[in-house]
Amino acid sequence: DVLTELIMNFTVFEKYSYEDVATRTIRVGTVKKIAQYHQYYAVKKAVESTQVASSAGGNRKGGVVWHTQGSGKSLSMVFFTGMVVRALNNPTVIMITDRNDLDDQLFETFGNCSQLLRPVPAQIASRSNLVTELKNRNSGGIFFTTIRKFFP
């Protein structure tokens with residue numbers, strides 16, 4: 001049933017903080033966000049593709065989801081990660097970005113939407129920190145890091 005799936009896998013409650021410059025007041029609240037139709041279908045296809053690719057005999061190529069500016073890439077990643085964590089029995093997910101500001105933005109989005117994810121996301125400070133995190137667990141976890149941390 002699509003409605004049940006939308007409620008369980010494609011709805012998040014994101015916290016926000018907004019400062020009104022004119023009145024110098026800070027407003028804190030929660031906003032409910034539900035996937036748009038393209039996010040719903042893209043994430044479902046991506047999860048199916050990932051399940052096939054990671055199965056025994058799979059080709060290990062999950063595929064690519066193409067997005068345009070302002071289409072909700074960050075939330076699509078949250079929806080995908082939430083579904084794939086349940087579908088693949090708690091895999092380790094590593095989000096690698098090319099910029100610190102993007103790493104911070106995605107980490108904040110995932111943190112604000114953590115009710116959809118099992119593990120609490122962690123932001124990796126260094127390559128040695130990532131190695132330690134990965135060695136100290138059999139599987140599971142959502143980690144954010146930048147590509148620069150992989151250079152010697």
Side-chain angles (χ1 to χ4, degrees), residues 1-19 26-56 58-126 129-147 149-150:
D1 176 51
V2 175
L3 182 59
T4 304
E5 193 170 41
L6 275 171
I7 292 168
M8 290 182 62
N9 299 318
F10 293 94
T11 303
V12 293
F13 295 87
E14 230 178 338
K15 295 175 181 64
Y16 69 89
S17 175
Y18 168 76
E19 182 177 1
I26 297 176
R27 184 181 314 171
V28 178
T30 304
V31 62
K32 177 173 56 175
K33 294 183 177 180
I34 299 175
Q36 299 174 48
Y37 72 93
H38 66 277
Q39 291 170 311
Y40 174 81
Y41 290 111
V43 167
K44 284 183 59 80
K45 279 269 201 203
V47 170
E48 287 174 21
S49 177
T50 302
Q51 286 177 299
V52 169
S54 64
S55 67
N59 65 3
R60 304 291 186 234
K61 296 180 181 180
V64 174
V65 176
W66 187 266
H67 281 79
T68 58
Q69 184 177 357
S71 62
K73 293 177 285 296
S74 299
L75 283 179
S76 291
M77 287 189 260
V78 169
F79 299 141
F80 171 80
T81 304
M83 285 187 72
V84 89
V85 161
R86 287 186 299 283
L88 297 180
N89 196 19
N90 200 25
T92 302
V93 178
I94 302 175
M95 300 284 187
I96 302 173
T97 60
D98 61 348
R99 300 185 320 272
N100 287 336
D101 61 330
L102 181 58
D103 190 59
D104 292 341
Q105 175 197 332
L106 286 174
F107 178 71
E108 182 180 353
T109 299
F110 272 66
N112 286 338
C113 301
S114 61
Q115 72 278 359
L116 198 60
L117 311 167
R118 278 188 191 157
V120 175
Q123 201 166 23
I124 300 301
S126 67
N129 180 226
L130 179 61
V131 169
T132 302
E133 286 285 348
L134 294 176
K135 281 186 177 180
N136 290 338
R137 61 183 67 231
N138 292 330
S139 70
I142 301 170
F143 303 103
F144 289 83
T145 187
T146 57
I147 191 74
K149 292 186 180 89
F150 290 93

Student: Who passes side-chain hydrogen bond (donor to acceptor under 3.5 Å, both in side chains) against T4, sequence neighbours left out?
Tutor: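 T4 satisfies side-chain hydrogen bond (donor to acceptor under 3.5 Å, both in side chains) with D1 only.
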Student: Listed by chain and number, what are the salt bridge (charged side-chain N to carboxylate O under 4.0 Å, His left out) partners of E108, not counting sequence neighbours?
Tutor: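 Here no residue qualifies.
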Student: Taking atom CZ of F143 and atom CG of L134, what is their separation to the nearest 0.5 Å?
Tutor: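 F143 atom CZ to L134 atom CG measures 5.5 Å (nearest 0.5 Å).
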Student: Taking all atoms of both residues into account, what is the closest heavy-atom pair of H38 and S71, and its distance?
Tutor: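 So the minimum-distance heavy-atom pair works out to NE2-O, 2.9 Å.
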Student: Restricting to salt bridge (charged side-chain N to carboxylate O under 4.0 Å, His left out), what partner residues turn up for D101, sequence neighbours left out?
Tutor: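 Partners of D101 under the salt bridge (charged side-chain N to carboxylate O under 4.0 Å, His left out) test: R99.
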Student: Atom CG in L117, atom CD1 in I142: separation rounded to 0.5 Å?
Tutor: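 With rounding to 0.5 Å, CG (L117) is 4.5 Å from CD1 (I142).
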Student: Write down the atom of V84, the atom of P91, and the distance for their closest heavy-atom approach.
Tutor: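 Answer, listing the atom of V84 first, then P91: O-CD, 3.7 Å.
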Student: For E133, which residues count as a salt bridge (charged side-chain N to carboxylate O under 4.0 Å, His left out) partner, sequence neighbours excluded?
Tutor: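 R137.
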Student: Tell me every residue that passes side-chain hydrogen bond (donor to acceptor under 3.5 Å, both in side chains) with N136, counting only those two or more places apart in sequence or in another chain.
Tutor: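 In terms of side-chain hydrogen bond (donor to acceptor under 3.5 Å, both in side chains), with neighbours along the sequence ignored, N136 is linked to no residue.
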Student: Give me the atom names and distance for the closest heavy-atom approach of S49 to G63.
Tutor: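 It is OG-N, 4.4 Å.
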Student: Among all residues two or more places apart in sequence or in another chain, which pass the side chain to side chain contact (heavy atoms under 4.5 Å, CB included) test with V65?
Tutor: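 Listed in chain order: A42, A46, H67.
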Student: Test of understanding: with side chain to side chain contact (heavy atoms under 4.5 Å, CB included), list the residues that count as partners of S74, not counting sequence neighbours.
Tutor: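 With neighbours one apart ignored, the set is Q105, L106, T109.
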Student: Could you measure the distance from the CG atom of N129 to the CD1 atom of I124? Nearest 0.5 Å is fine.
Tutor: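 Separation between the atoms: 4.5 Å.
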Student: Who are the side-chain hydrogen bond (donor to acceptor under 3.5 Å, both in side chains) partners of S139, not counting sequence neighbours?
Tutor: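 With neighbours one apart ignored, the set is empty.
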Student: Between D103 and T145 (side chain of the first, backbone of the second, donor and acceptor by atom type, cut-off under 3.5 Å), is there such a pair?
Tutor: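 A pair under 3.5 Å: yes.
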Student: Is atom CZ of R27 surrounded by more than 12 heavy atoms (other residues, nucleotides or ligands) closer than 6.0 Å?
Tutor: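 Not buried by this count: 12 neighbours or fewer within 6.0 Å.
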Student: Considering only residues two or more places apart or on different chains, which pairs with a residue in residues 41-56 satisfy salt bridge (Lys or Arg N to Asp or Glu O under 4.0 Å)?
Tutor: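 Every salt bridge (Lys or Arg N to Asp or Glu O under 4.0 Å) pair that includes a residue of residues 41-56, provided the two are not neighbours, is E5-K44.
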Student: Specify the closest pair of heavy atoms between V47 and A87, including all atoms of both residues, with the distance to one decimal.
Tutor: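 Minimum heavy-atom separation between V47 and A87: CG1-CB, 4.2 Å.
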Student: What is the minimum heavy-atom distance between K73 and Q69, and which atoms define it?
Tutor: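 Looking at all heavy atoms of both residues, the closest pair is NZ-CA, 3.7 Å.
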Student: For S54 versus L88, what's the shortest heavy-atom pair and its separation?
Tutor: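 For S54 and L88, the tightest heavy-atom pair comes out as OG-CD2, 3.7 Å.
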Student: Tell me which donor-acceptor pairs under 3.5 Å the side chains of residues 6-19 have, and how far apart each pair is, sequence neighbours excluded?
Tutor:
from	atom 1	to	atom 2	distance (Å)
N9	OD1	R86	NH2	2.5
T11	OG1	L6	O	2.7
E14	OE1	K33	NZ	2.6

Student: For T146, which residues count as a side-chain hydrogen bond (donor to acceptor under 3.5 Å, both in side chains) partner, sequence neighbours excluded?
Tutor: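 Residues passing side-chain hydrogen bond (donor to acceptor under 3.5 Å, both in side chains) with T146: K149.
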Student: Kindly write out the residues that satisfy side chain to side chain contact (heavy atoms under 4.5 Å, CB included) with F107, not counting sequence neighbours, or none if the list is empty.
Tutor: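 So F107 forms a side chain to side chain contact (heavy atoms under 4.5 Å, CB included) with P121, Q123, F144.
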Student: At what distance, to the nearest 0.5 angstrom, does CG of L116 lie from CZ of F110?
Tutor: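 Answer rounded to 0.5 Å: 9.5 Å.
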